[in-house]
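Within every chain, numbering begins at 1; the chains are lettered A, B, ... in the order of the sequence lines, protein sequences first and strands thereafter. FYI, side chains are in, hydrogens and waters are out, and symmetry mates aren't considered; it's all heavy atoms of this structure.
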There are 2 protein chains.
Amino acid sequence: MLESANILRKYGIPVTAQRLALLRAVGARPHATADVLAEAVRAEIGAVSKQAVYNALGTLVEKGLIRRIQPAGSPALYEGRVGDNHHHLICRSCGMTVDVACVVGERPCLNAADHSGFRIDEAEVIFWGTCPSCLEKTEKTGADQAEAGKPQDFLTRPTTP
Amino acid sequence: MLESANILRKYGIPVTAQRLALLRAVGARPHATADVLAEAVRAEIGAVSKQAVYNALGTLVEKGLIRRIQPAGSPALYEGRVGDNHHHLICRSCGMTVDVACVVGERPCLNAADHSGFRIDEAEVIFWGTCPSCLEKTEKTGADQAEAGKPQDFLTRPTTP
DNA sequence: AACAAAAAGTAGACAGAGTCCATTTTTTGA
DNA sequence: TCAAAAAATGGACTCTGTCTACTTTTTGTT
Ligand SMILES: [Mn+2]
Ligand SMILES: [Mn+2]
Ligand SMILES: [Zn+2]
Ligand SMILES: [Zn+2]
């Protein structure tokens with residue numbers, strides 16, 4: 001009895017090899033890109049099309065089984081930790097992304113001072129900064145932050161501390 | 001004595017027709033895309049290359065003269081209101097973007113509960129929801145929000161209320 | 001005013017991330 | 001087991017944005 005298969009059935013999502021592998025991949029590496037996840041799936045079941053990955057990620061996000069975050073300058077990241085409305089802290093220089101508990105409470109800043117008549121459904125908070133290891137590097141080499149923080153650094157992003 | 005020209009000089013940025021027009025364009029339409037701004041500049045001085053626009057926006061952002069925000073699923077938006085660390089409230093369905101004063105204070109959630117050793121330099125907050133006019137539309141037509149919130153709606157995004 | 005050096009602008013090729021679409025394969029549920 | 005519904009495939013395509021070689025404009029100094 002495959003655990004993930006039952007989860008999918010419970011949500012009325014047809015069970016396919018691709019989706020099962022993807023679900024496991026997301027669980028195993030929080031904050032990974034679609035591309036990285038596709039590779040992980042391939043390692044497990046041999047092959048997947050790019051489209052299958054995007055479709056599956058899309059429906060899983062829709063159904064609330066996984067979460068998508070889209071930080072500026074980075075492709076979208078996916079994670080299995082849902083429902084707790086946590087936030088993210090991202091290193092400008094290497095892209096490392098870590099979870100941050102919400103400061104305010106269960107559903108954080110959901111009450112914007114003046115909501116202008118909008119019906120707000122999400123308060124997305126991203127903290128930007130420099131991670132410990134990049135801080136160290138900067139101090140040692142004397143490289144300035146601008147240099148260390150070049151966008152292409154995101155390409156070889158680590159996932160989790 | 002052109003106002004904007006002096007601003008540029010003060011920041012040590014060489015004064016060009018393109019940058020002057022761009023600066024005015026950004027001032028005139030908060031939360032516009034590079035593309036929209038390029039059109040505005042063309043209307044004023046006849047022509048600009050795409051690259052000049054991206055370069056100019058880049059240096060203006062670097063020098064802190066303007067601000068860039070990059071909401072998920074949307075091209076980058078630019079605005080002249082800087083230094084007050086305000087946040088944004090974006091309609092999922094039509095992309096309308098409005099400013100929101102910071103709830104907490106001067107520099108808001110800058111203190112994440114557990115900062116994991118990062119040196120945090122910015123707390124970016126985006127509130128997502130449905131704007132008044134889209135709410136109305138949804139209620140009238142009975143169209144569900146998923147329908148109303150299709151991504152392509154962003155292409156013809158309004159800028160400000 | 002004239003001139004050289006530095007900085008910007010131009011046009012067009014190119015890249016990354018994601019979407020569209022016609023067709024084939026798999027899953028579902030009767 | 002079978003038909004209908006849903007997914008997967010793969011390849012073209014779109015949208016933002018970047019790179020590059022080259023030309024034009026600014027600047028700041030004679
Ligand atoms: Mn997370
Ligand atoms: Mn704003
Ligand atoms: Zn780092
Ligand atoms: Zn709206």
| field | Shared hydrophobic cluster, A:Val82 / A:Ile7 (ILVMFWY, side-chain heavy atoms < 4.5 Å) | value | no

Atom CD1 of A:Ile13 and atom C1' of D:dA5 are separated, to the nearest Å, by 16 Å

Picking from C:dG18, C:dA8, D:dT9, the nucleotide nearest the side-chain atoms of A:Pro75 would be C:dG18

Note: for B:Tyr54 and B:Val15 on DNA chain D, the residue whose nearest nucleotide lies more 5' is B:Tyr54

Discussion item. Once you apply a heavy-atom cut-off of 4.0 Å, does B:Gln51 come out as touching a base, just sugar-phosphate, or nothing?
Written reply: base

note: A:Ile45, atom CD1; D:dA8, atom C1'; distance rounded to Å ~ 10 Å

A:Asn55 atom CG is separated from C:dC20 atom P, nearest whole Å, by 10 Å

| Given A:Glu79 and A:Arg68, is the salt bridge (charged side-chain N to carboxylate O under 4.0 Å, His left out) satisfied, shown in steps? | CA-CA 7 Å; A:Glu79 70 182 331; A:Arg68 175 198 284 132; over 6 Å; no

**Asked** Base, sugar-phosphate, or nothing for A:Ala76, non-hydrogen atoms under 4.0 angstrom?
**Response** sugar-phosphate

Are a donor atom and an acceptor atom from the side chains of B:Asp99 and B:His87 found within less than 3.5 Å of each other? no

To the nearest angstrom, the CZ-C1' distance between B:Arg19 and C:dA8 comes to 6 Å

When rounded to whole Å, the CD to C1' distance for the pair A:Gln70 and D:dT16 reads 14 Å

Between OH of B:Tyr78 and C1' of D:dT16 the distance, given in whole Å, is 10 Å

Smallest heavy-atom separation, B:Pro132 atom then A:Phe118 atom, equals CD-CD1, 3.8 Å

Here the distance between atom C1' of C:dG9 and atom CG of B:Leu20, to the nearest Å, is 14 Å

Any donor and acceptor pair, going by atom type alone, linking the side chain of A:Thr97 with main-chain N or O of A:Gly95 inside 3.5 Å?
yes

Taking only distance into account, with no hydrogens and no angle test, what donor-acceptor pairs under 3.5 Å do side-chain atoms of residues 44-56 of chain A form with protein atoms, sequence neighbours excluded?
residue : atom : partner : partner atom : Å
A:Glu44 : OE2  : A:Arg24 : NE           : 2.9
A:Glu44 : OE2  : A:Arg24 : NH2          : 2.8
A:Ser49 : OG   : A:Ala52 : N            : 3.0

Taking D:dG17, C:dG9, C:dT28 as options, the one with an atom nearest any side-chain atom of B:Lys50 is D:dG17

Restricting to nitrogen or oxygen on both sides, can you table the protein-nucleotides 28-30 of chain D pairs closer than 3.5 Å?
none

Whole-Å distance, B:Leu22 CG to C:dG9 C1', equals 13 Å

Per nearest nucleotide of DNA chain D, the residue lying toward the 5' end, A:Gln18 or B:Thr16, is A:Gln18

Legend entry - A:Glu124 side chain to B:His88 side chain, donor-acceptor N/O pair below 3.5 angstrom: no

Picking from D:dG10, D:dA6, C:dG18, the nucleotide nearest the side-chain atoms of A:Pro14 would be D:dA6

